[in-house]
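Let me begin by presenting the structure, written as structure tokens, before commenting on it.
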Amino acid sequence: MSTAKSSVRERRRPRITDENGRRMPLWEIVLRYGLLLAVLALMIGPFLWQLSTSLKGPHEDIFSSPPKFLPSDPTLHNYERVADTIPVWDYALNSLKVAAANVVTNCVGAALAGYALARLRYRGRKAATLVFILAMLVPVEGIIIAQFTTMRELGLNNTLIGVLLPGCVSALNVLLMRNAFLNVPYEIEEAAFVDGANVWQRFVRIALPAVKGTLAVVAIFAFMGAWDDFLWPLIVLSDPERFTLTIGLNYLHGTFANDERLVAAGTVIAVLPLIVLFACLQRYFFRGVGEGAVKG
């Protein structure tokens, strides 16, 4: 009787297995979750500390020992001071314009180029794919002078278009879209071809809806790259009215470096749009990582 009861308990007890279906011992489960929590603390700990610092009042010690994480009297006054110190919302609007345009150009351009590399048959297709791979190996610092000269010759220096143009289509995004299209069963397009669909119809109605997850990945990467970019806007822009947010916040670090609360508030303002974007697209992001993973 006791043996039967113990077997019933064993069946009811949830089994935690690894990727190979092997039951994991308790110490291994604790170790894995402990490592995950440690990595989580390392990743979000600095942001949470900046958020806490930005909410602390002027009379609260932010360098106390031991450190005090939660503010005793939370206030949003530091965010108001950021807006009074620099035109932060104008800078944020400039960054939003560049980032939104970068998302559109990367999604459209990478989807078209990726589909051409994955589905169309023409001479030099493998060479074109190799060119995109080699483009990823070239450091930005090695071509930034050529980019600046090109923008000057085109008369696009000190314009937001000049900030956008060099990164309007990323080689990484093209390869992500190529691999996503390669994972779409070719038989579906063959059936559409038999029904009379041309290449544009197959691209828009069949291939593109099948890679929505990878498009979300491309959108997130494009937005983050444009929003966080500092070096190229600093080189190409000279008019303060056209500064992006990363350049504008640099004034907080330079002129008001001793006021950590002000710098922390500006940092939170810069990071918040990225968090909102990822929260809205995270469902498609994790699905798209598997669709467009670069295979060896």
Side-chain angles (χ1 to χ4, degrees), residues 93-122 124-136 138 140 143 147 150-151 154 156 159-186 188-189 192-193 197-229 232-233 236 244 273-274 276-278 280-294:
L93 181 60
N94 291 336
S95 291
L96 184 61
K97 291 178 182 177
V98 175
N102 201 45
V103 169
V104 174
T105 55
N106 268 278
C107 287
V108 174
L112 291 172
Y115 185 80
L117 294 175
R119 293 304 199 197
L120 302 186
R121 299 291 183 265
Y122 54 91
R125 187 180 65 164
K126 293 183 178 179
T129 304
L130 181 62
V131 168
F132 281 102
I133 296 174
L134 294 177
M136 295 174 56
V138 179
V140 177
I143 60 174
Q147 287 180 351
T150 303
M151 294 301 108
L154 293 174
L156 296 177
T159 64
L160 295 181
I161 297 178
V163 177
L164 166 69
L165 200 57
C168 61
V169 180
S170 169
L172 174 61
N173 293 333
V174 172
L175 294 176
L176 285 174
M177 294 303 302
R178 171 187 175 271
N179 283 277
F181 285 125
L182 285 175
N183 290 332
V184 178
Y186 195 71
I188 302 177
E189 291 194 42
F193 177 76
N198 58 33
V199 63
W200 283 106
Q201 290 172 332
R202 299 198 302 271
F203 169 71
V204 174
R205 298 181 181 180
I206 297 175
L208 207 55
V211 295
K212 290 181 180 178
T214 306
L215 277 176
V217 175
V218 171
I220 292 175
F221 284 171
F223 191 93
M224 290 179 59
W227 187 270
D228 290 338
D229 193 13
W232 176 244
V236 77
T244 57
L274 301 178
V276 173
L277 177 69
F278 185 80
C280 295
L281 298 179
Q282 61 174 334
R283 181 179 61 178
Y284 301 101
F285 178 83
F286 291 110
R287 187 178 71 184
V289 169
E291 288 177 355
V294 179

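- Contact check for Leu274 versus Asp228: side-chain heavy atoms found under the 4.5 Å cut-off.
- Of all heavy-atom pairs between Ala110 and Val169, the closest is N-CG1, 4.2 Å.
- A donor-acceptor pair under 3.5 Å links the side-chain atoms of Arg202 to the main chain of Ala197, judged by distance alone.
- The 12-atom threshold is exceeded at CZ of Arg125, counting heavy atoms of other residues, nucleotides or ligands nearer than 6.0 Å.
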(message) One pair to check against side-chain contact (heavy atoms from CB on, under 4.5 Å): Phe132 and Leu117. What are the steps and the verdict?
(response) CA-CA 10 Å; Phe132 281 102; Leu117 294 175; 3.8 Å; yes
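- Judged by distance alone, with hydrogens and angles left aside, the side-chain atoms of Asn106 form a donor-acceptor pair with the main-chain N or O of Ser170 at under 3.5 Å.
- Between Trp227 and Phe223, the two ring planes are parallel [angle under 30°; tilted spans 30° to 60°].
- Pairing each heavy atom of Pro233 with each of Thr244, the nearest pair is CB-OG1, 3.8 Å.
- With rounding to the nearest 0.5 angstrom, the CG atom of Asp229 is 11.0 Å from the CG atom of Leu164.
- Summarising the geometry of Ile143 relative to Val138, their closest heavy-atom pair is CG2-CG1, 3.7 Å, with the distance given to 0.1 Å.
- Few gaps surround CD1 on Ile206; more than 12 heavy atoms of other groups in view lie less than 6.0 Å from it.
- Looking only at side-chain heavy atoms (C-beta outward), Thr105 and Asn102 come within less than 4.5 Å of each other.
- We find the SG-CD1 distance between Cys168 and Ile161 to be 11.5 Å, quoted to the nearest 0.5 Å.
- Ring geometry for Tyr115 against Phe181 counts as perpendicular: the plane angle is over 60°, on a 0 to 90° scale with 30° as the lower cut.
- A donor-acceptor pair under 3.5 Å is absent between the side-chain atoms of Trp232 and the main chain of Ala226, judged by distance alone.
- For the pair Leu215 and Met177, the minimum side-chain heavy-atom distance is below 4.5 Å.
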